[in-house]
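Quantities reported herein were computed from a predicted structural model and do not represent experimental measurements.
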Amino acid sequence: MKITDSLSCILKRVGKLTKQYSNLPDSYIKRTAEQVEYTAPKMIQYLPYQRKRRTQDFRFTTNRPWTQEFKRENEGLPRSEVFIEPIKDWSIFRGDRVEILVGRDKGKHGIVSQIFEERNWVIVNGMNWYYRRIGESDDYPGTIIRQELPLLVTTEVSLVDPSDNKITKVVWRYTEDGEKVRVSSRTGRIIPVPAAANETYDYKVKSAYLEGDKDTKSDVVEKVTFQPELKTFDMDVMKSMGIEEDRTPKKSYWY
């Protein structure tokens, strides 16, 4: 039972690629995604206590965990549990060309535009779409938009080898320089990770990001402000205040 619970927590946490694309700190994502059911009053007769909803009860969808849509979807009673096949090494990234293996678009090629690592989903640009009506009311017919549905990376899409434009499985290998690369198991060629995989919500490449007024400057972050030494806290304070210890410590024994 303990193994199942711990595994469920691991599978349902926010994926690494999701956090990387959001360009948000982990503390912010955790704070906005958690749902507090009860908080003890801030009075002297009450102990500090919060009852939060378990992460295992969250249902991850195409809405990102830090959005209000995600919070509304997970309000109320727990939804039915979704079992997800664990993937040790994720091998499909944004910008990859894949082939659709199911549905009316079977056999077509498309570019991956979004990744939802929490559900093993990818969205392929212009593929597996449907018409959706939004904004409908009694006096307004609404607007029809086209929206892509997610596809499973395990069974519904397959990576395309750019050397011959045929589907292939990939394995991760290391080069002589120690770089981890994707290798086609069918042709043995290296399939480079697209540049789009390093894009985030804020920038295309890191060098193109402009620091704002509320951003910590890079030179401040890189400045070394602490040098570790073999000293206690008291010895460090004494050194900074110019105090020299000339007393001989009394012998002590641990037994």
Side-chain angles (χ1 to χ4, degrees), residues 10-23 58-67 69-70 73-74 79-134 142-173 180-201 204-205:
I10 293 172
L11 295 178
K12 291 191 175 182
R13 70 184 182 203
V14 181
K16 178 182 176 182
L17 298 177
T18 302
K19 292 187 289 186
Q20 177 183 338
Y21 178 75
S22 70
N23 198 29
F58 288 168
R59 170 76 71 88
F60 287 93
T61 62
T62 55
N63 293 316
R64 300 301 186 178
W66 54 88
T67 60
E69 291 80 3
F70 177 84
E73 285 180 345
N74 287 278
R79 303 173 67 179
S80 58
E81 188 173 3
V82 177
F83 296 95
I84 303 169
E85 180 181 350
I87 298 178
K88 183 178 180 181
D89 293 318
W90 193 272
S91 58
I92 296 180
F93 301 91
R94 296 176 65 249
D96 273 329
R97 181 178 295 275
V98 296
E99 181 175 319
I100 312 298
L101 304 179
V102 295
R104 62 182 179 180
D105 292 325
K106 181 177 180 180
K108 295 182 180 179
H109 290 190
I111 304 298
V112 175
S113 59
Q114 296 185 62
I115 291 177
F116 303 95
E117 196 175 358
E118 302 83 13
R119 294 289 297 271
N120 292 348
W121 283 347
V122 293
I123 288 183
V124 183
N125 192 19
M127 299 292 175
N128 196 37
W129 55 267
Y130 76 106
Y131 284 116
R132 177 187 175 192
R133 187 185 297 271
I134 60 173
T143 304
I144 296 178
I145 62 173
R146 195 174 76 170
Q147 183 174 357
E148 292 93 352
L149 290 173
L151 294 162
L152 276 173
V153 297
T154 53
T155 58
E156 298 180 346
V157 296
S158 182
L159 187 65
V160 173
D161 191 338
S163 63
D164 56 4
N165 287 333
K166 294 182 180 179
I167 62 175
T168 181
K169 293 182 179 181
V170 296
V171 292
W172 288 94
R173 294 287 185 267
K180 191 176 182 180
V181 295
R182 295 184 298 177
V183 178
S184 171
S185 58
R186 183 172 53 82
T187 62
R189 294 177 178 270
I190 295 177
I191 304 178
V193 176
N198 298 321
E199 296 178 3
T200 70
Y201 182 80
K204 293 288 184 181
V205 292

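Taking CG of L149 as the start and CD1 of I123 as the end, the distance is 8.0 Å to the nearest 0.5 Å. Note that the CD atom of E156 and the CG atom of N128 stand 7.5 Å from one another [nearest 0.5 Å]. Between the CZ atom in R119 and the CZ atom in F60 there is a gap of 10.0 Å [rounded to 0.5 Å]. Here Q114 contributes atom CD and L17 contributes atom CG; the two are 13.0 Å apart, rounded to the nearest 0.5 Å. Summarising the geometry, atom OG belonging to S184 is positioned 5.0 Å from atom CD1 belonging to I191; distances are rounded to the nearest 0.5 Å. A distance of 8.0 Å separates CZ in F116 from CG in N63, rounded to the nearest 0.5 Å.
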Side chain to side chain contact (heavy atoms under 4.5 Å, CB included), that's the test. Do L152 and E85 meet it? Break it down for me. CA-CA 10 Å; L152 276 173; E85 180 181 350; over 6 Å; no

Trace of the side chain to side chain contact (heavy atoms under 4.5 Å, CB included) decision for T168 with V160: CA-CA 6 Å; T168 181; V160 173; over 6 Å; no

Please test N125 against E148 for side chain to side chain contact (heavy atoms under 4.5 Å, CB included), starting from the C-alpha separation and ending with a verdict. CA-CA 7 Å; N125 192 19; E148 292 93 352; 3.8 Å; yes

Begin from the C-alpha positions of E73 and R59 and carry the test side chain to side chain contact (heavy atoms under 4.5 Å, CB included) through to its verdict. CA-CA 8 Å; E73 285 180 345; R59 170 76 71 88; over 6 Å; no

Check against side-chain hydrogen bond (donor to acceptor under 3.5 Å, both in side chains), T154 and N120: CA-CA 7 Å; T154 53; N120 292 348; 5.4 Å; no

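Heavy-atom minimum distance, I115 versus R64: O-NH1, 3.2 Å. Here the closest heavy-atom approach between residue N165 and residue H109 is recorded as O-CE1, 3.5 Å. What you find for D161 and T187 is that their closest heavy atoms are OD2-OG1, 2.7 Å. Residues K19 and V14 approach most closely at CG-CG1, 3.6 Å, considering heavy atoms. Summarising the geometry of V98 relative to L159, their closest heavy-atom pair is CG1-CA, 4.2 Å, with the distance given to 0.1 Å. F70 and P65 make their closest contact through CD2-O, 3.3 Å (heavy atoms, listed as atom of the first residue, atom of the second, distance).
Using a 4.5 Å heavy-atom threshold, the side chains of D105 and V124 count as separate. Under the 4.5 Å side-chain criterion, counting only non-hydrogen atoms from C-beta, V112 is not in contact with F93. Side-chain contact between I145 and R132: present, with at least one pair of heavy atoms (C-beta onward) separated by less than 4.5 Å. At a threshold of 4.5 Å between non-hydrogen side-chain atoms, the residues D96 and R182 count as touching. Contact check for M127 versus E99: no side-chain heavy atoms found under the 4.5 Å cut-off. The shortest side-chain heavy-atom distance between Q20 and N198 falls under the 4.5 Å cut-off. In this structure, Y21 and R94 have side chains that are in contact, with non-hydrogen atoms separated by less than 4.5 Å. Looking at heavy atoms from C-beta onward, W129 lies in side-chain contact with R104 at the 4.5 angstrom threshold.
The number of heavy-atom neighbours closer than 6.0 Å to OH of Y201, taken from other residues, nucleotides and ligands shown, is 12 or below. Within 6.0 Å of NZ in K16 there are 12 or fewer heavy atoms belonging to other residues, nucleotides or ligands.
When atom types are taken as modelled, the side chain of S185 and the backbone of K169 share a donor-acceptor pair closer than 3.5 angstrom. Side chain of R186 to backbone of I167: a donor-acceptor contact under 3.5 angstrom is found.
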